[in-house]
**Q** 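My questions all concern the structure below.
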Protein chains: 2
Amino acid sequence: MNNKYDELDYIIQFCSCANIRKAARTVTQAFEKQMQSTGLKVTQYYMLVNIARHKEITVSELGEIMLLEQSTATRNINILKNNGYVSITKAKDDLRTKYISITDLGLEKLEEATPIWLNIQTKIEDNLGKDKFNDLIKSLNILQESIE
Amino acid sequence: MNNKYDELDYIIQFCSCANIRKAARTVTQAFEKQMQSTGLKVTQYYMLVNIARHKEITVSELGEIMLLEQSTATRNINILKNNGYVSITKAKDDLRTKYISITDLGLEKLEEATPIWLNIQTKIEDNLGKDKFNDLIKSLNILQESIE
DNA sequence: ATCAAATATATGTATATACATATATTTCAT
DNA sequence: ATGAAATATATGTATATACATATATTTGAT
(Lines give C-alpha, C1' and ligand atoms only; values in the text may rest on other atoms or scores of the structure.)
Protein backbone atom coordinates (compact mmCIF):
# COMPACT_ATOMS: atom_id res chain seq x y z
CA MET A 1 0.00 0.00 0.00
CA ASN A 2 1.23 3.53 -0.67
CA ASN A 3 -0.01 5.04 2.53
CA LYS A 4 -2.53 4.81 5.31
CA TYR A 5 -5.41 6.20 3.28
CA ASP A 6 -4.89 3.75 0.46
CA GLU A 7 -5.12 0.94 2.95
CA LEU A 8 -8.28 2.38 4.48
CA ASP A 9 -9.74 2.86 1.01
CA TYR A 10 -9.00 -0.74 0.19
CA ILE A 11 -10.76 -1.97 3.30
CA ILE A 12 -13.71 0.30 2.68
CA GLN A 13 -14.09 -0.83 -0.89
CA PHE A 14 -13.39 -4.52 -0.64
CA CYS A 15 -14.22 -5.75 2.86
CA SER A 16 -16.17 -8.89 2.03
CA CYS A 17 -18.13 -8.70 5.23
CA ALA A 18 -19.18 -5.08 4.83
CA ASN A 19 -20.04 -5.61 1.17
CA ILE A 20 -22.29 -8.52 1.89
CA ARG A 21 -23.91 -6.88 4.87
CA LYS A 22 -24.59 -3.76 2.85
CA ALA A 23 -26.16 -5.80 0.07
CA ALA A 24 -28.19 -7.67 2.66
CA ARG A 25 -29.52 -4.41 4.08
CA THR A 26 -30.45 -3.10 0.66
CA VAL A 27 -32.17 -6.27 -0.49
CA THR A 28 -33.92 -6.70 2.82
CA GLN A 29 -35.32 -3.20 2.66
CA ALA A 30 -36.58 -3.75 -0.87
CA PHE A 31 -38.44 -6.85 0.23
CA GLU A 32 -39.76 -5.24 3.41
CA LYS A 33 -41.12 -2.31 1.48
CA GLN A 34 -43.09 -4.46 -0.92
CA MET A 35 -44.26 -6.94 1.69
CA GLN A 36 -45.30 -4.24 4.13
CA SER A 37 -48.98 -4.66 3.27
CA THR A 38 -48.84 -8.25 4.52
CA GLY A 39 -47.41 -7.31 7.89
CA LEU A 40 -44.81 -10.02 7.36
CA LYS A 41 -41.10 -9.30 7.53
CA VAL A 42 -39.14 -11.07 4.84
CA THR A 43 -37.34 -13.11 7.48
CA GLN A 44 -40.66 -14.18 8.91
CA TYR A 45 -41.94 -15.01 5.47
CA TYR A 46 -38.91 -17.13 4.69
CA MET A 47 -39.17 -18.95 7.99
CA LEU A 48 -42.85 -19.59 7.34
CA VAL A 49 -41.95 -21.07 3.97
CA ASN A 50 -39.49 -23.41 5.65
CA ILE A 51 -42.02 -24.43 8.26
CA ALA A 52 -44.68 -25.02 5.61
CA ARG A 53 -42.27 -27.22 3.70
CA HIS A 54 -42.22 -29.69 6.59
CA LYS A 55 -45.39 -30.93 8.24
CA GLU A 56 -43.73 -30.74 11.59
CA ILE A 57 -40.27 -29.55 12.41
CA THR A 58 -38.40 -28.98 15.64
CA VAL A 59 -36.82 -25.73 16.70
CA SER A 60 -33.30 -27.02 16.30
CA GLU A 61 -33.98 -28.70 12.95
CA LEU A 62 -35.32 -25.43 11.66
CA GLY A 63 -32.24 -23.69 12.98
CA GLU A 64 -30.03 -26.20 11.22
CA ILE A 65 -31.60 -25.95 7.80
CA MET A 66 -31.75 -22.16 7.98
CA LEU A 67 -28.27 -21.85 9.49
CA LEU A 68 -29.61 -19.97 12.46
CA GLU A 69 -28.37 -20.17 16.00
CA GLN A 70 -30.80 -22.13 18.15
CA SER A 71 -31.66 -19.15 20.32
CA THR A 72 -32.31 -17.07 17.23
CA ALA A 73 -34.58 -19.78 15.86
CA THR A 74 -36.49 -19.89 19.14
CA ARG A 75 -37.04 -16.16 19.17
CA ASN A 76 -38.01 -15.87 15.52
CA ILE A 77 -40.46 -18.73 15.91
CA ASN A 78 -42.04 -17.04 18.90
CA ILE A 79 -42.88 -14.00 16.82
CA LEU A 80 -44.68 -16.21 14.33
CA LYS A 81 -46.43 -17.96 17.18
CA ASN A 82 -47.56 -14.68 18.74
CA ASN A 83 -49.12 -13.75 15.42
CA GLY A 84 -50.88 -17.08 15.23
CA TYR A 85 -49.03 -18.22 12.12
CA VAL A 86 -47.54 -21.34 13.68
CA SER A 87 -48.54 -23.70 16.45
CA ILE A 88 -46.17 -25.37 18.84
CA THR A 89 -46.72 -28.77 20.42
CA LYS A 90 -44.55 -30.78 22.74
CA ALA A 91 -43.41 -34.14 21.40
CA LYS A 92 -45.00 -36.91 23.42
CA ASP A 93 -41.97 -39.12 23.36
CA ASP A 94 -39.55 -36.37 24.35
CA LEU A 95 -40.86 -33.47 26.37
CA ARG A 96 -37.85 -31.34 25.60
CA THR A 97 -38.64 -31.31 21.91
CA LYS A 98 -41.19 -28.98 20.36
CA TYR A 99 -42.79 -29.38 17.01
CA ILE A 100 -43.62 -26.33 14.96
CA SER A 101 -46.36 -26.42 12.32
CA ILE A 102 -47.95 -23.78 10.22
CA THR A 103 -51.55 -22.85 11.06
CA ASP A 104 -54.39 -22.10 8.66
CA LEU A 105 -53.85 -18.42 9.34
CA GLY A 106 -50.18 -18.92 8.58
CA LEU A 107 -51.04 -20.63 5.30
CA GLU A 108 -53.28 -17.72 4.37
CA LYS A 109 -50.47 -15.27 5.05
CA LEU A 110 -48.12 -17.41 3.02
CA GLU A 111 -50.48 -17.36 0.07
CA GLU A 112 -50.96 -13.64 0.44
CA ALA A 113 -47.25 -12.93 0.55
CA THR A 114 -45.94 -15.34 -2.07
CA PRO A 115 -47.11 -13.39 -5.14
CA ILE A 116 -45.43 -10.32 -3.72
CA TRP A 117 -42.27 -12.28 -3.03
CA LEU A 118 -42.32 -13.67 -6.56
CA ASN A 119 -42.74 -10.20 -7.95
CA ILE A 120 -39.63 -8.79 -6.27
CA GLN A 121 -37.63 -11.94 -6.81
CA THR A 122 -38.46 -11.91 -10.52
CA LYS A 123 -37.57 -8.26 -10.79
CA ILE A 124 -34.20 -8.89 -9.20
CA GLU A 125 -33.50 -11.94 -11.36
CA ASP A 126 -34.49 -9.99 -14.47
CA ASN A 127 -32.47 -6.91 -13.57
CA LEU A 128 -29.35 -8.95 -12.96
CA GLY A 129 -29.98 -11.34 -15.79
CA LYS A 130 -30.31 -15.09 -15.30
CA ASP A 131 -26.61 -15.77 -15.71
CA LYS A 132 -25.44 -13.14 -13.28
CA PHE A 133 -28.12 -14.11 -10.82
CA ASN A 134 -27.10 -17.75 -10.92
CA ASP A 135 -23.47 -16.76 -10.57
CA LEU A 136 -24.31 -14.66 -7.57
CA ILE A 137 -26.13 -17.48 -5.81
CA LYS A 138 -23.29 -19.83 -6.70
CA SER A 139 -20.66 -17.39 -5.45
CA LEU A 140 -22.51 -16.90 -2.19
CA ASN A 141 -22.64 -20.65 -1.68
CA ILE A 142 -18.98 -21.13 -2.51
CA LEU A 143 -18.11 -18.29 -0.21
CA GLN A 144 -19.89 -19.94 2.67
CA GLU A 145 -18.36 -23.32 1.99
CA SER A 146 -14.94 -21.73 1.81
CA ILE A 147 -15.35 -20.35 5.28
CA GLU A 148 -16.51 -23.30 7.34
CA MET B 1 -44.54 -25.25 -10.79
CA ASN B 2 -45.66 -28.83 -10.42
CA ASN B 3 -47.09 -28.49 -6.95
CA LYS B 4 -46.96 -26.61 -3.73
CA TYR B 5 -43.77 -28.22 -2.50
CA ASP B 6 -41.89 -27.44 -5.67
CA GLU B 7 -42.82 -23.82 -5.24
CA LEU B 8 -41.72 -23.82 -1.61
CA ASP B 9 -38.48 -25.53 -2.59
CA TYR B 10 -37.87 -22.90 -5.20
CA ILE B 11 -38.35 -20.11 -2.70
CA ILE B 12 -36.16 -21.84 -0.15
CA GLN B 13 -33.37 -22.41 -2.61
CA PHE B 14 -33.38 -19.18 -4.56
CA CYS B 15 -34.80 -16.38 -2.42
CA SER B 16 -32.26 -13.65 -3.09
CA CYS B 17 -32.90 -12.03 0.24
CA ALA B 18 -32.52 -15.19 2.30
CA ASN B 19 -29.42 -16.23 0.37
CA ILE B 20 -27.70 -12.95 0.95
CA ARG B 21 -28.72 -12.76 4.57
CA LYS B 22 -27.47 -16.26 5.18
CA ALA B 23 -24.14 -15.45 3.56
CA ALA B 24 -23.96 -12.28 5.63
CA ARG B 25 -24.48 -14.25 8.82
CA THR B 26 -21.80 -16.77 7.91
CA VAL B 27 -19.24 -14.21 6.88
CA THR B 28 -19.99 -12.02 9.87
CA GLN B 29 -19.47 -14.91 12.25
CA ALA B 30 -16.16 -15.78 10.62
CA PHE B 31 -14.93 -12.24 11.11
CA GLU B 32 -16.30 -11.97 14.64
CA LYS B 33 -14.58 -15.15 15.66
CA GLN B 34 -11.17 -14.00 14.50
CA MET B 35 -11.57 -10.45 15.75
CA GLN B 36 -12.85 -11.52 19.14
CA SER B 37 -9.50 -10.87 20.80
CA THR B 38 -9.75 -7.20 19.88
CA GLY B 39 -13.19 -6.76 21.44
CA LEU B 40 -14.27 -5.10 18.21
CA LYS B 41 -17.25 -6.33 16.25
CA VAL B 42 -16.66 -6.35 12.53
CA THR B 43 -19.33 -3.69 12.07
CA GLN B 44 -17.60 -1.52 14.61
CA TYR B 45 -14.27 -2.10 12.94
CA TYR B 46 -15.63 -1.15 9.55
CA MET B 47 -17.25 1.97 10.94
CA LEU B 48 -14.00 2.91 12.64
CA VAL B 49 -12.21 2.53 9.31
CA ASN B 50 -14.70 4.88 7.70
CA ILE B 51 -14.32 7.41 10.48
CA ALA B 52 -10.54 7.21 10.32
CA ARG B 53 -10.69 7.84 6.58
CA HIS B 54 -12.17 11.28 7.21
CA LYS B 55 -10.66 13.69 9.70
CA GLU B 56 -14.10 14.73 10.80
CA ILE B 57 -17.41 13.42 9.61
CA THR B 58 -20.97 14.05 10.65
CA VAL B 59 -23.42 11.40 11.73
CA SER B 60 -25.53 11.71 8.64
CA GLU B 61 -22.56 11.80 6.25
CA LEU B 62 -21.31 8.59 7.80
CA GLY B 63 -24.76 7.10 7.40
CA GLU B 64 -24.83 8.10 3.75
CA ILE B 65 -21.50 6.64 2.77
CA MET B 66 -22.19 3.43 4.70
CA LEU B 67 -25.79 3.20 3.51
CA LEU B 68 -27.05 3.16 7.06
CA GLU B 69 -30.22 4.70 8.35
CA GLN B 70 -29.46 7.84 10.36
CA SER B 71 -30.75 6.34 13.60
CA THR B 72 -28.63 3.25 13.05
CA ALA B 73 -25.59 5.42 12.44
CA THR B 74 -26.28 7.32 15.66
CA ARG B 75 -26.56 4.17 17.70
CA ASN B 76 -23.53 2.46 16.21
CA ILE B 77 -21.46 5.57 16.75
CA ASN B 78 -22.52 5.73 20.37
CA ILE B 79 -21.11 2.29 21.00
CA LEU B 80 -17.75 3.42 19.63
CA LYS B 81 -18.00 6.55 21.75
CA ASN B 82 -18.76 4.59 24.91
CA ASN B 83 -15.64 2.56 24.28
CA GLY B 84 -13.60 5.71 23.81
CA TYR B 85 -12.75 4.98 20.18
CA VAL B 86 -14.31 8.15 18.79
CA SER B 87 -14.94 11.63 20.08
CA ILE B 88 -17.93 13.74 19.27
CA THR B 89 -17.93 17.52 19.05
CA LYS B 90 -20.68 19.93 18.19
CA ALA B 91 -20.07 22.06 15.14
CA LYS B 92 -19.69 25.68 16.14
CA ASP B 93 -21.51 27.06 13.14
CA ASP B 94 -24.43 24.63 13.44
CA LEU B 95 -25.26 23.26 16.83
CA ARG B 96 -27.38 20.51 15.35
CA THR B 97 -24.43 18.95 13.61
CA LYS B 98 -21.95 16.68 15.35
CA TYR B 99 -18.51 15.82 14.13
CA ILE B 100 -17.12 12.38 14.77
CA SER B 101 -13.39 11.76 14.89
CA ILE B 102 -11.32 8.79 15.82
CA THR B 103 -9.36 9.01 19.08
CA ASP B 104 -5.86 7.78 19.78
CA LEU B 105 -7.35 4.77 21.49
CA GLY B 106 -9.49 4.20 18.41
CA LEU B 107 -6.42 4.37 16.20
CA GLU B 108 -4.68 1.82 18.39
CA LYS B 109 -7.64 -0.52 18.09
CA LEU B 110 -7.70 0.00 14.37
CA GLU B 111 -4.05 -0.93 14.10
CA GLU B 112 -4.58 -3.93 16.30
CA ALA B 113 -7.53 -5.18 14.28
CA THR B 114 -6.39 -4.49 10.74
CA PRO B 115 -3.88 -7.37 10.47
CA ILE B 116 -6.59 -9.72 11.65
CA TRP B 117 -9.05 -8.26 9.16
CA LEU B 118 -6.46 -8.63 6.40
CA ASN B 119 -5.88 -12.21 7.35
CA ILE B 120 -9.52 -13.25 7.02
CA GLN B 121 -10.08 -11.09 3.98
CA THR B 122 -7.08 -12.64 2.24
CA LYS B 123 -8.21 -16.13 3.16
CA ILE B 124 -11.64 -15.46 1.67
CA GLU B 125 -10.20 -13.90 -1.49
CA ASP B 126 -7.81 -16.82 -1.89
CA ASN B 127 -10.43 -19.46 -1.25
CA LEU B 128 -12.77 -17.97 -3.81
CA GLY B 129 -10.05 -17.05 -6.22
CA LYS B 130 -9.46 -13.50 -7.41
CA ASP B 131 -11.82 -13.75 -10.37
CA LYS B 132 -14.72 -15.17 -8.43
CA PHE B 133 -14.15 -12.73 -5.63
CA ASN B 134 -14.20 -9.77 -7.97
CA ASP B 135 -17.29 -11.15 -9.68
CA LEU B 136 -18.99 -11.47 -6.32
CA ILE B 137 -18.26 -7.89 -5.34
CA LYS B 138 -19.38 -6.75 -8.77
CA SER B 139 -22.58 -8.80 -8.60
CA LEU B 140 -23.40 -7.41 -5.19
CA ASN B 141 -22.95 -3.87 -6.46
CA ILE B 142 -25.05 -4.48 -9.56
CA LEU B 143 -27.69 -6.10 -7.42
CA GLN B 144 -27.94 -3.05 -5.23
CA GLU B 145 -28.00 -0.66 -8.16
CA SER B 146 -30.71 -2.73 -9.78
CA ILE B 147 -32.91 -2.31 -6.74
CA GLU B 148 -32.81 1.40 -6.04
C1' DA C 1 -38.06 40.26 13.20
C1' DT C 2 -41.05 36.38 13.42
C1' DC C 3 -42.85 32.08 12.56
C1' DA C 4 -43.22 28.08 9.56
C1' DA C 5 -40.46 24.81 7.14
C1' DA C 6 -36.36 22.33 6.76
C1' DT C 7 -32.55 19.93 8.77
C1' DA C 8 -29.54 17.11 12.21
C1' DT C 9 -29.66 14.17 15.72
C1' DA C 10 -31.96 11.36 19.40
C1' DT C 11 -35.38 8.20 21.27
C1' DG C 12 -39.22 4.74 21.42
C1' DT C 13 -40.30 0.46 19.67
C1' DA C 14 -39.64 -3.76 17.28
C1' DT C 15 -37.12 -7.40 14.84
C1' DA C 16 -32.88 -10.23 13.77
C1' DT C 17 -28.95 -12.00 15.46
C1' DA C 18 -25.41 -14.48 18.54
C1' DC C 19 -23.06 -15.95 22.78
C1' DA C 20 -23.29 -17.46 27.45
C1' DT C 21 -25.92 -19.53 30.62
C1' DA C 22 -30.08 -21.60 32.73
C1' DT C 23 -33.73 -25.06 32.83
C1' DA C 24 -35.97 -29.19 31.74
C1' DT C 25 -35.71 -33.78 30.14
C1' DT C 26 -33.61 -37.88 28.45
C1' DT C 27 -29.85 -41.17 28.06
C1' DC C 28 -26.22 -43.92 29.64
C1' DA C 29 -22.72 -45.90 32.59
C1' DT C 30 -22.35 -48.16 36.67
C1' DA D 1 -31.99 -47.71 39.98
C1' DT D 2 -29.29 -43.59 40.33
C1' DG D 3 -26.63 -39.87 39.21
C1' DA D 4 -23.70 -37.77 35.62
C1' DA D 5 -23.62 -36.45 30.94
C1' DA D 6 -25.98 -35.18 26.94
C1' DT D 7 -29.65 -32.89 24.63
C1' DA D 8 -33.58 -29.42 23.53
C1' DT D 9 -35.24 -25.25 24.45
C1' DA D 10 -35.43 -20.72 26.94
C1' DT D 11 -33.54 -16.50 28.88
C1' DG D 12 -30.17 -12.69 29.90
C1' DT D 13 -27.47 -9.54 27.59
C1' DA D 14 -25.64 -7.04 23.79
C1' DT D 15 -25.28 -5.40 19.00
C1' DA D 16 -27.22 -4.17 14.36
C1' DT D 17 -30.91 -2.60 12.07
C1' DA D 18 -35.06 0.34 10.56
C1' DC D 19 -39.28 3.08 10.99
C1' DA D 20 -41.85 6.55 13.33
C1' DT D 21 -41.62 10.26 16.05
C1' DA D 22 -39.53 13.79 19.09
C1' DT D 23 -36.28 17.52 19.98
C1' DA D 24 -33.17 21.07 18.91
C1' DT D 25 -31.49 24.28 15.68
C1' DT D 26 -31.19 26.78 11.42
C1' DT D 27 -33.17 28.79 7.22
C1' DG D 28 -36.28 31.31 4.59
C1' DA D 29 -40.53 33.69 3.44
C1' DT D 30 -43.07 37.46 4.66
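Every chain is numbered from 1 and lettered A, B, ... according to where its sequence line falls, protein lines coming before strand lines.
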**Q** More than 12 foreign heavy atoms under 6.0 Å from CD of Glu56(B): is that the case here?
**A** yes
**Q** Tell me which nucleotide among dA10(D), dC19(D), dA8(C) gets nearest to the side chain of Gln70(A).
**A** dA10(D)
**Q** Whole-Å distance between dT15(C) C1' and Asn83(A) CG?
**A** 12 Å
**Q** Closer to the 5' end of DNA chain C via nearest nucleotide, is it Lys90(A) or Asn78(B)?
**A** Asn78(B)
**Q** Any idea which of dA8(D), dT13(C), dT9(C) is nearest the Thr97(B) side chain?
**A** dT9(C)
**Q** Classify the nucleic acid contact of Ser71(B) as base, sugar-phosphate or nothing, counting any heavy atom under 4.0 Å across all strands shown.
**A** base
**Q** Are more than 12 heavy atoms, taken from residues, nucleotides or ligands other than Asp104(A), located less than 6.0 Å from that residue's CG atom?
**A** no
**Q** Record whether the side chain of Glu32(A) comes under 3.5 Å of the base of dA18(D) through a donor-acceptor pair of N or O atoms.
**A** no
**Q** Quick one: does Leu68(A)'s side chain get under 4.5 Å of Arg25(B)'s, heavy atoms only?
**A** yes
**Q** Looking at every non-hydrogen atom in both residues, tell me the closest pair between Lys55(B) and Ser101(B) and how far apart they are.
**A** O-CB, 3.5 Å
**Q** Between C1' on dT7(D) and CG on Asp94(A), what's the gap in Å once rounded to a whole number?
**A** 8 Å
**Q** Identify whether Val59(A) and Leu95(A) are in the same connected component of the hydrophobic contact network (ILVMFWY, side-chain heavy atoms under 4.5 Å).
**A** no
**Q** When you measure from the side-chain N and O atoms of Ser60(A) to the phosphate of dT9(D), is any distance below 4.0 Å, counting only OP1 and OP2?
**A** yes
**Q** Rounded off to whole Å, could you give me the CD-to-C1' distance for the Glu64(A) and dT7(D) pair?
**A** 12 Å
**Q** Report yes if the side chains of Glu32(B) and Lys41(B) come closer than 4.5 Å at any heavy-atom pair, otherwise no.
**A** yes
**Q** What is the distance, rounded to the nearest whole Å, between atom CG of Leu62(B) and atom P of dA16(D)?
**A** 13 Å
**Q** Closer to the 5' end of DNA chain D via nearest nucleotide, is it Leu95(B) or Val59(A)?
**A** Val59(A)
**Q** Confirm from the modelled atom types if Gln29(B) and dA18(C) form a donor-acceptor pair under 3.5 Å, side chain to base only.
**A** no
**Q** Over all strands shown, is Arg21(A) touching base, sugar-phosphate only, or nothing at heavy-atom distances under 4.0 angstrom?
**A** sugar-phosphate
**Q** I want to confirm an ordering. Mapping Ile79(A) and Lys92(A) to their closest nucleotides on DNA chain C, which one lands closer to the 5' end?
**A** Ile79(A)
**Q** Can you find a donor-acceptor N/O pair under 3.5 angstrom joining the side chain of Arg96(B) to the base of dT9(C)?
**A** no
**Q** Look at the aromatic rings of Tyr10(B) and Trp117(A) and report parallel, tilted or perpendicular, splitting at 30° and 60°.
**A** perpendicular
**Q** Rounded to the Å, how far apart are Lys98(A) NZ and dT11(D) C1'?
**A** 12 Å
**Q** Which part of the nucleic acid, if any, lies within contact of Thr58(B), taking any heavy atom under 4.0 Å across all strands shown: a base, the sugar-phosphate backbone alone, or nothing?
**A** sugar-phosphate
**Q** Quick one: which of dT9(C), dA18(C), dA16(D) gets closest to the side chain of Thr74(B)?
**A** dT9(C)
**Q** Report the distance from atom CD1 of Ile77(A) to atom P of dA16(C), rounded to the nearest whole Å.
**A** 12 Å
**Q** Evaluate the criterion side chain to side chain contact (heavy atoms under 4.5 Å, CB included) for residue pair Tyr85(A) and Leu107(A); output intermediate values, then yes/no.
**A** CA-CA 8 Å; Tyr85(A) 301 149; Leu107(A) 273 174; over 6 Å; no
**Q** For DNA chain D, which residues of residues 34-50 of chain A approach it to below 4.0 angstrom with any heavy atom?
**A** none
**Q** Taking atom P of dT17(D) as reference, at what distance in whole Å does atom CG of Asn76(B) sit?
**A** 5 Å
**Q** Please state how far atom OH in Tyr99(B) lies from atom P in dT9(C), giving the value in whole angstrom units.
**A** 9 Å
**Q** Taking atom types as they are modelled, is there a donor-acceptor pair under 3.5 Å from the base of dT17(C) to the side chain of Arg25(B)?
**A** no
